[in-house]
Amino acid sequence: MSDCMLKELRIGNLVAKIPIIQGGMGVGVSLSRLAGAVAKEGGIGIISTAQIGYDEDDFSKNPNECNIRAIKKHIDKAKEIACGNGLVGVNIMVALKNYKEHVKAAVKAGADVIISGAGLPIELPELIEKGCNTKIAPIVSSKKALKIILKMWEKRYNTTADFVVIEGPKAGGHLGFSKEQLEDIDNLCYDNEIRDIIECKKEYEEKYSKEIPVIVAGGIYDNKDIKHALSLGADGVQIASRFVATCECDASDRYKEAYINAKEEDIRIIKSPVGMPGRALYNDFVKKTEKGRIPITKCYGCLEKCNPGEVPYCITKALTDAVKGDIDNGLVFCGANVGRIDRIMSVHELMMELCCND
Ligand SMILES: Cc1cc2nc3c(=O)[nH]c(=O)nc-3n(C[C@H](O)[C@H](O)[C@H](O)COP(=O)(O)O)c2cc1C
């Protein structure tokens, strides 16, 4: 894209012409098709590794094997689609049972970046081979979390982050806030937290003589929102929900239609087996979970800390049902701005709109 009004994003020796990261969306919502299309436009396309192999033939027998295989398959495919443009990376949730294996598989497959949240990615640097060009970023929602991570990385590995993703309270999926905080977002004055987080990383930029770009995520809808994030001191943005309503998004058409039809009042903060609150569409599935547990008949071994006999439902089943198109009986994660999305467009059109509209 030649006429983008935004400044390129530099992460060490890697450059994305467009400072937009398409946020990782599991299960199966952001795979190679979406990530490749975003990279092709000069942005950073992110593949979610959460149960990434869910549509492989032998997934129910060997979920972990399928996931490891699918990480390489989707990174290769996304890079092929991107034709050398932009960057292709992965989102790996710390809460996953096979977190370390996912990181190693992504590095081996040549991921440009690894973004890691849903827990503190304390061990991430030790999983990245010395000399490889994969850049790493924690996802944080508070200055406190960033301080803990960067202090630990310094103490244990004498290293620091290549970039940082700040995920605010309007994001989709799992959220690093309490239910009470999410019920009164305005009261959080989150712009101040963003400014504080940016101050915090400056100390490490000086110590390690390198720039640590900061990416702001959560509720970014248009060019005005992007400019606002940049005015706070961010170097780029991460956007997820808007990319669901694109032709190239890897979810089923019914999933995309659910986004188009959703209104603001259809959004709920839900409980998740991951142990964090999440934002999702209020549907039959969520109503059912409000009435009691949905017994688990099969465990796919996705989370490090999950007791199938106790959790409210199986998160793998809920998310895979949804992405395949059973939007009434599955869990449809969404950001707080989903009510504003009213049509499906191509990734090219969306990137043009985000970059150029004033
Ligand atoms: C459907 C959906 C699935 C998501 N899945 C993940 C995930 O697997 N891991 C993760 O770290 N974040 C996940 N997120 C969060 C996004 O990557 C992103 O940071 C956030 O949604 C940005 O806010 P926005 O959707 O308002 O643009 C998900 C978001 C959505 C909407």
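Order of listing sets the numbers, starting from 1, for every ligand and every atom in it.
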Non-hydrogen atoms of [X] versus ligand 1: any pair closer than 4.0 Å?
{"X": "Ala118", "value": "no"}
{"X": "Gly117", "value": "no"}
{"X": "Asn91", "value": "yes"}

Who's the nearest protein heavy-atom neighbour of [atom], and how far?
{"atom": "atom 31 (C) of ligand 1", "answer": "Tyr259 OH, 3.4 Å"}
{"atom": "atom 14 (N) of ligand 1", "answer": "Gly24 O, 3.3 Å"}
{"atom": "atom 15 (C) of ligand 1", "answer": "Gly172 O, 3.3 Å"}
{"atom": "atom 25 (O) of ligand 1", "answer": "Ser241 OG, 2.6 Å"}
{"atom": "atom 5 (N) of ligand 1", "answer": "Gly26 N, 3.0 Å"}

| Who gets closest to atom 22 (C) of ligand 1 by heavy atom: Gly168, Gly218, Gly23? |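 When every heavy atom of Gly168, Gly218, Gly23 is considered, Gly218 comes closest to atom 22 (C) of ligand 1.
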| Considering only heavy atoms, which of Glu167, Met93, Met25 lies nearest to atom 2 (C) of ligand 1? |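 Selected option, by shortest heavy-atom distance: Met25.
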Just jot down the ligand 1 atoms closer than 4.0 angstrom to any heavy atom of [X], in number order.
{"X": "Tyr255", "value": "1 (C)"}
{"X": "Lys170", "value": "26 (O)"}
{"X": "Ile139", "value": "11 (O)"}
{"X": "Gln238", "value": "17 (O), 18 (C), 19 (O)"}
{"X": "Ser48", "value": "8 (O)"}

Look only at interatomic distance and state if [X] has a nitrogen or oxygen under 3.5 Å from any nitrogen or oxygen of ligand 1.
{"X": "Ala240", "value": "yes"}
{"X": "Gly219", "value": "yes"}
{"X": "Ala217", "value": "no"}

Taking 4.0 angstrom as the limit, do [X] and [Y] come out as a salt bridge?
{"X": "Lys202", "Y": "Glu199", "result": "yes"}
{"X": "Glu154", "Y": "Lys207", "result": "yes"}
{"X": "Lys79", "Y": "Asp112", "result": "yes"}
{"X": "Asp76", "Y": "Lys72", "result": "yes"}

Which pair of heavy atoms, one from [X] and one from [Y], lies closest together, and at what distance?
{"X": "Asp235", "Y": "Pro213", "value": "OD2-CA, 3.2 Å"}
{"X": "Lys201", "Y": "Ile198", "value": "CG-O, 3.2 Å"}
{"X": "Leu175", "Y": "Met276", "value": "O-CE, 3.5 Å"}

| Can we call the ring centroids of Phe59 and Tyr300 under 6.0 Å apart? | yes
| field | Ring-ring centroid check Phe177 Tyr190, cutoff 6.0 Å | value | yes
| Only one of Asp222, Asn223, Val216 clears side chain to side chain contact (heavy atoms under 4.5 Å, CB included) with Ile220; which? | Val216
| said: Are more than 12 heavy atoms, taken from residues, nucleotides or ligands other than Glu290, located less than 6.0 Å from that residue's CD atom? | reply: yes
| Residue pair Lys305 / Asn307, side-chain donor-acceptor N/O under 3.5 Å | no
| Just heavy atoms, cut-off under 4.0 Å: does Ile46 contact ligand 1 by side chain, backbone, both, or neither? | neither
